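Have a look at the structure below before the remarks.
We count ligands from 1, going down the list as the structure has it; atoms in each ligand are counted the same way. Not measured: the values here are computed from a predicted model.
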Amino acid sequence: MAEDAGRRKAAARRGARPARGEGTPGTGRPERGPGTALTLERGWVYAPAPESREIVSIAPEYGLFVGGEFAPAASGKTFATINPATEEPLAKVAWAGPADVDRAVAAARTAQEKTWGRMPGSERAKYLYRIARILQERSREFAVLESIDNGKPIKETRDVDIPLAAAHFFYYAGWADKLEHAGFGPDPRPIGVAGQVIPWNFPLLMAAWKLAPALAAGNTCVLKPAETTPLSALLLAEVCQQAELPPGVVNVLTGAGETGAALVAHPGVGKVAFTGSTEVGIAIAQAVAGTGKKLTLELGGKAANVVFDDAPVDQAIEGIVNGIFFNQGHVCCAGSRLLVQESVADHVVERLRHRLTTLRLGDPLDKNTDIGAINSRQQLDKITELSAAGEAEGAHRWSPPCELPKKGYWFAPTVFTGVSQSHRIAREEIFGPVLSVLTFRTPDEAVTKANNTPYGLSAGVWTEKGSRILWMAQKMRAGVVWANTYNRFDPASPFGGYRESGFGREGGRHGLAAYLDV
Ligand code: NDP
């Protein structure tokens with residue numbers, strides 16, 4: 001942001017004007033069409049800086065990845081995946097049914113028993129390193145593809161999703177030959193076949209979170225990506241081929257909720273890992289109960305981001321913006337409830353609004369874009385409905401001046417003030433770029449309000465007092481508490497929740513436990 005401000009000042013000194021085609025003459029507003037970045041900043045127009053799509057080649061149709069090869073579904077059924085920013089159909093993708101689940105689990109079982117499970121950890125590590133290196137080498141291709149299929153800005157896929165996905169493979173490659181030193185006893189064993197169901201908000205990253213620890217521990221995997229974002233998982237399957245991973249070690253089944261349900265219920269699966277909604281997580285917990293399968297659930301959240309009156313305001317504003325507007329708010333640990341100390345509330349909200357007028361919403365492939373498209377029509381409807389409920393219940397709704405592109409799924413960054421704890425927007429996970437602002441007077445009140453949620457995934461605290469950070473971190477019921485930062489991830493750090501946010505941890509040494517028979 002400081003860099004942007006610097007550039008603006010330099011341009012102003014040079015008397016720079018928008019180049020031809022950059023803006024609408026006489027209005028100071030940008031021209032908009034599909035694929036044109038829209039600046040919300042008063043009076044300033046950014047020239048479009050689109051990343052080329054050339055690097056990505058999307059096939060018209062994709063099969064299932066089973067036993068190291070791509071093949072159509074047994075039923076021949078397919079579904080379309082679209083670009084949510086333009087509604088353009090991208091490809092047809094195979095729809096896996098029960099027969100395909102059987103085939104994939106059988107392939108995974110054979111690979112586990114005959115190859116992968118017998119291989120020394122030091123050999124498995126080489127494959128994981130190879131996958132990590134290929135992800136790095138093909139990172140631009142992955143970043144563009146993920147933006148197209150998901151709608152998230154290229155600067156996020158390029159700087160966050162893809163580097164973190166590679167980092168996960170690197171990190172767990174390091175564990176593969178050290179399992180007996182990981183604190184799980186002298187001879188920790190793999191479970192067998194892992195059935196893994198992932199959501200659409202971080203498609204490649206969630207695949208990496210699931211696959212890397214499972215493979216390091218000697219398991220084989222059947223992965224079910226989300227219906228709206230299958231393409232990066234299929235490209236990852238190609239990377240597995242490129243890395244010469246033995247056939248059947250990783251299998252990718254595209255399909256719908258039924259595919260996921262058939263996978264988790266399959267008797268050949270020994271470990272189930274799910275990230276997604278609390279509702280589906282509960283259904284999976286019921287399906288798995290009594291089967292002896294190991295289960296980890298990473299579900300929703302309604303995190304409190306708590307700002308005290310001594311917080312560094314500029315940093316806190318960036319943390320609030322990153323907390324809720326990163327990835328259009330499609331983040332399970334999003335700081336969707338801002339709790340701000342009453343004495344500074346007006347000031348913080350004013351500064352926040354000013355900051356939001358500088359966000360750029362539009363073409364996800366434009367490198368200047370801060371806010372991309374909402375992932376699906378269904379998700380847009382949910383955000384719209386919950387925001388309308390916020391207004392109807394009496395909260396005050398505000399968005400920066402913002403004209404949305406005509407095609408695709410878009411939602412302006414939105415801030416609700418005057419929110420009470422009983423409002424739906426303070427209780428339910430919106431999973432969109434919508435922030436609910438509440439106030440508190442004392443640290444005790446902040447803790448009580450922060451914990452007044454059925455979830456417990458994450459929280460943030462902003463204050464200059466180290467002792468207060470430690471006190472808050474102990475009191476807040478959340479799996480992750482960020483202090484003077486937000487949405488920071490590291491493969492070495494465990495992540496997971498309490499209560500309706502699920503159980504089990506992913507990442508770090510803890511993440512291995514879920515994939516070992518310990
Ligand atoms: P879901 O929980 O339905 O989807 C997550 C994954 O589970 C997808 O791969 C989905 O497949 C699959 N799935 C769906 N039903 C079943 C089932 N019965 N058994 C096994 N797998 C299943 O999330 P949605 O995409 O429907 O989003 C709904 C809400 O969930 C969002 O509005 C948001 O609030 C929340 N959510 C939370 C996430 C988080 O990380 N905490 C992530 C995603 C959503 P398919 O895509 O084919 O339906």
Side-chain angles (χ1 to χ4, degrees), residues 77-82 84 93-98 101 149-150 152 195-203 205-207 209-210 222-233 252-266 269 272-288 293 295-303 326-334 336 374-387 409 411 424-425 427-434 454-458 479-480 487 489 495-497 499-503 506:
K77 274 170 79 176
T78 60
F79 63 98
T81 182
I82 65 160
V93 180
W95 183 305
V101 174
D149 201 23
N150 173 281
K152 62 170 73 188
Q196 305 173 315
V197 180
I198 55 171
W200 42 262
N201 52 343
F202 293 93
L205 184 57
M206 288 301 105
W209 278 30
K210 298 280 180 280
V222 182
L223 179 81
K224 203 310 251 165
E227 204 174 328
T228 55
T229 53
L231 295 185
S232 57
V252 179
L253 292 183
T254 46
E258 297 93 306
T259 312
L263 175 60
V264 301
H266 197 285
V269 165
V272 172
F274 172 77
T275 299
S277 61
T278 298
E279 195 189 355
V280 172
I282 291 169
I284 290 178
Q286 285 168 345
V288 164
K293 292 177 189 174
L295 175 65
T296 42
L297 296 175
E298 203 270 271
L299 310 175
K302 191 74 191 173
F326 171 63
N327 198 26
Q328 296 71 247
H330 300 329
V331 184
C332 46
C333 50
S336 52
I374 300 301
N375 180 253
S376 65
R377 158 70 56 198
Q378 188 192 15
Q379 191 59 27
L380 179 59
D381 290 346
K382 180 179 171 185
I383 300 167
T384 307
E385 193 263 317
L386 272 166
S387 300
Y409 312 132
F411 200 88
R424 284 182 67 197
I425 52 169
R427 290 185 289 113
E428 296 179 32
E429 186 179 46
I430 301 174
F431 225 62
V434 181
Y455 296 108
L457 188 58
S458 59
V480 180
N487 272 338
F489 297 96
F495 182 88
R499 298 186 278 181
E500 289 196 15
S501 292
F503 50 80
E506 295 187 300

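- A 4.5 Å side-chain heavy-atom check between Phe431 and Pro199 finds every atom pair outside the cut-off.
- Protein residues with a heavy atom under 4.0 Å from ligand 1 are Val197, Ile198, Pro199, Trp200, Asn201, Lys224, Pro225, Ala226, Glu227, Gly255, Ala256, Gly257, Gly260, Ala261, Phe274, Thr275, Gly276, Ser277, Val280, Ile284, Leu299, Gly300, Cys332, Gln379, Lys382, Glu429, Phe431.
- No side-chain donor-acceptor contact under 3.5 Å links Thr259 to the backbone of Gly97.
- Thr81 and Asp149 form a side-chain donor-acceptor contact under 3.5 Å, judged by distance and modelled atom types alone.
- With contacts defined as side-chain heavy-atom distances shorter than 4.5 Å, the pair Asn327/Asn150 qualifies.
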- Test side chain to side chain contact (heavy atoms under 4.5 Å, CB included) applied to Trp209 and Phe495, step by step: CA-CA 10 Å; Trp209 278 30; Phe495 182 88; 3.5 Å; yes
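- In this structure, the side chains of Lys302 and Ile430 come closer than 4.5 Å at one or more pairs of heavy atoms.
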